[in-house]
There are 2 protein chains.
Amino acid sequence: MTVSRALREPERVSAKSLEKIRKVIDRLGYVPDPAARALAAGRTNVIGVIVPSVTNNVFADVMSGIYGQAEGTDWQVQLGNSRYSPLEEERLVRTFLSQRPAGLIVSGIDQSAATAVMLRQASCRIVQIMETGPDPFDMMVGFSHLEASRAASRHLLAAGYRRPGFIAARLDPRTQRRLEGFRDVAREAGVLDPGRIITTPRASTVTLGCELTADLLARAPDTDAILCNNDDLALGALFECQRRGLDSPRQIGICGFNDLEMMAVANPAVTSVRTYRLDMGRKAMAMMIDALAGREAERRTVDLGFEVMARDSTRRGGSANPA
Amino acid sequence: MTVSRALREPERVSAKSLEKIRKVIDRLGYVPDPAARALAAGRTNVIGVIVPSVTNNVFADVMSGIYGQAEGTDWQVQLGNSRYSPLEEERLVRTFLSQRPAGLIVSGIDQSAATAVMLRQASCRIVQIMETGPDPFDMMVGFSHLEASRAASRHLLAAGYRRPGFIAARLDPRTQRRLEGFRDVAREAGVLDPGRIITTPRASTVTLGCELTADLLARAPDTDAILCNNDDLALGALFECQRRGLDSPRQIGICGFNDLEMMAVANPAVTSVRTYRLDMGRKAMAMMIDALAGREAERRTVDLGFEVMARDSTRRGGSANPA
DNA sequence: TTGACAAATGTTAGCGCTACCATGATAGAC
DNA sequence: GTCTATCATGGTAGCGCTAACATTTGTCAA
């Protein structure tokens with residue numbers, strides 16, 4: 001009846017009826033049943049979000065942006081954790097799609113073939129987050145991990161370091177691209193030494209940063225800079241170097257990735273690549289909501305960029321501040 | 001028909017029919033519609049989880065435990081973020097309950113009166129997490145923040161510190177109880193000085209730990225130990241003391257709370273109160289799932305305890321290791 | 001006043017499943 | 001062979017809502 005209309009398209013109901021309905025609803029404490037709504041309308045107000053981790057700071061920040069943007073709207077966020085497994089991601093996409101979501105936000109651009117097919121054929125809107133790349137399924141919000149890591153690598157070289165190493169945990173596709181960026185720049189500068197690249201499939205922690213740094217220094221004791229795949233590792237690297245009496249930035253430069261707030265207050269303050277994680281979540285959700293409201297974005301792919309935050313941990317002697 | 005039964009109570013369907021149905025389902029790629037199911041059955045397979053923050057490490061760990069435990073079951077986790085606001089929590093509880101969830105996991109024991117009424121009358125199972133207290137709505141998994149903070153305070157005194165301060169951000173109820181524990185112990189020992197208690201409503205960060213420490217040392221320069229409400233603040237305190245040339249543990253003892261993995265590898269390693277966040281999430285979800293399956297726990301309230309991890313940051317001169 | 005048209009409201013069917021009850025098949029007791 | 005108890009399966013209604021269409025009411029020009 002008119003009540004259903006009043007709830008969904010109030011502009012099509014007279015002010016008088018609207019008021020009457022509002023009163024009765026208040027008195028009865030009526031709340032629409034979303035299941036019945038979904039069944040009758042053939043669609044839901046659910047926006048599925050699939051991320052590889054719920055503990056990792058990076059995704060926690062992104063999620064915060066997503067939830068923040070969804071707040072106050074009628075859209076429901078439904079979170080799925082793929083635990084860095086493409087197969088688990090595939091399962092989640094299948095499950096989510098079977099629930100006729102209004103939209104789906106997925107992480108990255110390296111879906112399995114089956115996942116890609118499902119997403120391409122999906123009858124809902126899709127936003128890919130975390131990184132940019134060619135050929136989005138639908139919309140995309142991220143930045144170039146390759147470029148970010150190149151910039152960080154160039155920063156180390158510009159600061160005067162000549163024997164840089166790279167440490168990384170959890171080799172997900174974005175990590176691999178960052179490693180690639182480091183390799184590129186180091187190779188071009190003629191300072192690439194594969195022996196200074198230390199990686200592990202284990203999940204990244206500060207403790208692991210210490211261990212990887214110890215490994216690196218054991219294999220290549222003359223390493224004079226470490227590009228860390230993220231800030232947890234960078235903090236671990238700093239702690240480990242401190243314990244060994246290696247002075248940063250003089251004897252060893254340390255650069256992190258993501259620029260967690262703590263990096264700026266460590267001793268020394270740690271250089272890191274700032275990424276806009278909260279904004280990424282916000283923008284992704286905003287684009288999704290706009291698209292669902294029929295307001296198409298002028299550009300399907302949004303690159304949020306990054307910034308190398310040069311701090312004391314890479315501020316060496318004379319050639320300190322690279323132009 | 002029999003198909004519906006085959007999917008939900010396969011033990012009540014003959015092996016022959018089961019096999020036939022399975023084949024057709026595979027061929028058709030049939031997936032049940034959860035909305036129709038919810039509407040017809042009058043209940044859903046959703047377990048709502050309401051936490052005050054999605055970025056905070058502590059809740060990220062708890063969520064990880066919850067998601068992990070839900071994996072592989074048919075239960076769907078639905079996350080809500082109350083942003084430390086009892087009003088927002090009330091709204092979320094109302095929204096969630098209107099969706100006939102199978103269960104609800106809520107944080108803490110300090111719900112608003114209206115929220116408490118809703119939860120007490122709710123026709124679904126409830127698990128309260130994060131802390132223990134009297135009179136649970138239904139089930140409860142946590143630990144005593146008061147006792148944990150008393151233990152940490154006693155540890156500082158036992159280590160020989162006599163002018164301890166306390167820093168805290170975001171005064172949520174659990175923080176308040178920790179402050180209370182510190183006050184109790186300090187008062188009993190005759191070393192309570194309200195001027196050494198620094199708090200702020202701002203969200204806790206490492207940077208804020210630096211600032212609060214600076215405040216504390218400005219107001220009470222002879223402070224010889226800091227009990228920090230969490231590990232972010234503790235790390236900030238450590239960094240700030242380092243910058244001021246204050247030696248920890250000799251000149252100042254630092255103790256954190258939660259025992260994030262990084263505390264053990266800092267320089268010096270930072271004493272902290274270990275809490276079992278992942279287990280809390282796991283146990284809460286396990287209890288919920290068991291209860292929904294009709295397997296009642298023998299005890300409604302589970303206390304996961306805590307442990308003071310004494311490390312170098314409070315290992316002072318002679319009376320280092322308290323018994 | 002009347003007709004034409006728009007705005008507001010009402011009617012009906014059915015979304016895909018499950019609860020409940022009815023029926024049919026099977027087996028064992030007598 | 002009949003009767004009952006048990007298991008397996010089928011039929012029917014309806015969960016609460018919305019889409020689509022039908023009807024009523026209101027408005028204005030001729």
Side-chain angles (χ1 to χ4, degrees), chain A residues 1-48 73-76 78 94-103 122-125 292-294, chain B residues 1-48 73-76 78 94-103 122-125 292-294:
Chain A
M1 52 158 118
T2 307
V3 175
S4 174
R5 203 172 280 124
L7 262 51
R8 292 171 302 122
E9 315 171 274
E11 69 283 0
R12 297 202 35 197
V13 174
S14 71
K16 207 180 62 182
S17 312
L18 224 47
E19 176 59 16
K20 201 159 77 184
I21 288 168
R22 203 191 50 70
K23 268 189 186 145
V24 176
I25 283 183
D26 279 359
R27 187 159 53 77
L28 265 48
Y30 167 83
V31 181
D33 180 331
R37 212 168 233 197
L39 183 59
R43 55 189 149 69
T44 64
N45 64 341
V46 169
I47 295 174
T73 72
D74 274 336
W75 302 107
Q76 271 279 341
Q78 175 78 47
R94 199 182 308 281
T95 306
F96 277 30
L97 285 180
S98 81
Q99 302 180 27
R100 309 170 183 278
S123 60
C124 70
R125 304 305 299 256
L292 291 173
Chain B
M1 51 161 126
T2 308
V3 174
S4 174
R5 202 172 283 124
L7 262 52
R8 293 172 299 123
E9 314 171 275
E11 70 282 1
R12 296 200 35 194
V13 175
S14 71
K16 208 180 60 179
S17 312
L18 225 46
E19 176 59 15
K20 202 159 78 184
I21 289 168
R22 203 190 49 71
K23 268 189 186 146
V24 176
I25 282 182
D26 280 358
R27 187 158 55 76
L28 265 47
Y30 167 85
V31 181
D33 180 331
R37 212 167 234 197
L39 183 58
R43 54 189 152 69
T44 65
N45 65 341
V46 169
I47 295 174
T73 71
D74 274 336
W75 301 108
Q76 271 278 340
Q78 176 78 47
R94 201 183 308 281
T95 306
F96 277 29
L97 285 179
S98 81
Q99 301 180 28
R100 308 170 184 279
S123 60
C124 70
R125 304 305 300 256
L292 291 173

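Fair warning: this is a prediction, and the values are worked out from it, not measured in the lab. A, B, ... follow the sequence lines: proteins, then strands. Residue 1 opens every chain.
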- Task: State which residues pass salt bridge (Lys or Arg N to Asp or Glu O under 4.0 Å) with A:Asp26; sequence neighbours excluded, sorted by chain then number.
- Result: A:Arg22
- Kindly indicate whether the side chain of B:Pro34, heavy atoms from C-beta on, has any atom under 4.5 Å from the side chain of B:Asn45. no
- Donor-acceptor pair between A:Gln99 and A:Gln78 side chains, under 3.5 angstrom: no
- Nearest heavy atoms of A:Pro10 and A:Arg8, plus distance in Å: CD-C, 3.4 Å
- Write down the atom of A:Pro101, the atom of A:Thr44, and the distance for their closest heavy-atom approach. CA-OG1, 3.5 Å
- Kindly write out the residues that satisfy side-chain contact (heavy atoms from CB on, under 4.5 Å) with B:Ser14, not counting sequence neighbours, or none if the list is empty. B:Lys16, B:Ser17
Check: protein-nucleotides 22-25 of chain C nitrogen or oxygen pairs below 3.5 Å:
none

- Message: So for the helix from C:dT1-D:dA30 to C:dC30-D:dG1, with five pairs setting each end axis, what is the inter-axis angle to 10°?
- Response: 40°
- Task: Compare all side-chain heavy atoms of B:Glu11 with those of B:Arg5 and state whether any distance is below 4.5 angstrom.
- Result: no
- Nearest-Å distance for atom pair CD1/P, residues B:Ile21 and D:dA8: 13 Å
- Message: Tell me if a side-chain donor or acceptor on A:Ser98 pairs with a main-chain N or O of B:Val31 at a distance below 3.5 Å.
- Response: no
- Can you tell if the side chain of B:Trp75 reaches within under 4.5 Å of the side chain of B:Leu292, non-hydrogen atoms only? yes
- For A:Arg100 and A:Gly42, which heavy atoms make the closest approach, and how far apart are they? CD-O, 3.3 Å
- Note on the structure: dist B:Leu97:CG -> B:Ser123:OG (nearest 0.5 Å) comes out at 7.5 Å
- Task: Specify the closest pair of heavy atoms between A:Ala102 and A:Cys124, including all atoms of both residues, with the distance to one decimal.
- Result: O-CB, 3.4 Å
Pairwise N/O distances under 3.5 Å, protein to nucleotides 7-11 of chain C:
from: C:dT9; atom 1: OP1; to: A:Ser14; atom 2: OG; distance (Å): 2.9
from: C:dT9; atom 1: OP1; to: A:Ser17; atom 2: OG; distance (Å): 2.2
from: C:dT9; atom 1: OP2; to: A:Ser14; atom 2: N; distance (Å): 3.2
from: C:dT9; atom 1: OP2; to: A:Ser17; atom 2: OG; distance (Å): 3.3
from: C:dG10; atom 1: OP2; to: A:Thr2; atom 2: OG1; distance (Å): 2.9
from: C:dG10; atom 1: O6; to: A:Arg5; atom 2: NH2; distance (Å): 2.8

- Task: Tell me whether the OP1 or OP2 atom of D:dA19 has a side-chain N or O from A:Arg8 closer than 4.0 Å.
- Result: yes
- Query: Can you find a pair of side-chain heavy atoms, one from B:Leu7 and one from B:Ile25, that are under 4.5 Å apart?
  - Reply: yes
- Note on the structure: To the nearest angstrom, the CG-P distance between A:Asp74 and D:dC17 comes to 15 Å
- Item | Contact list for DNA chain C against residues 33-47 of chain A - heavy-atom distance below 4.0 Å | A:Leu39, A:Ala40
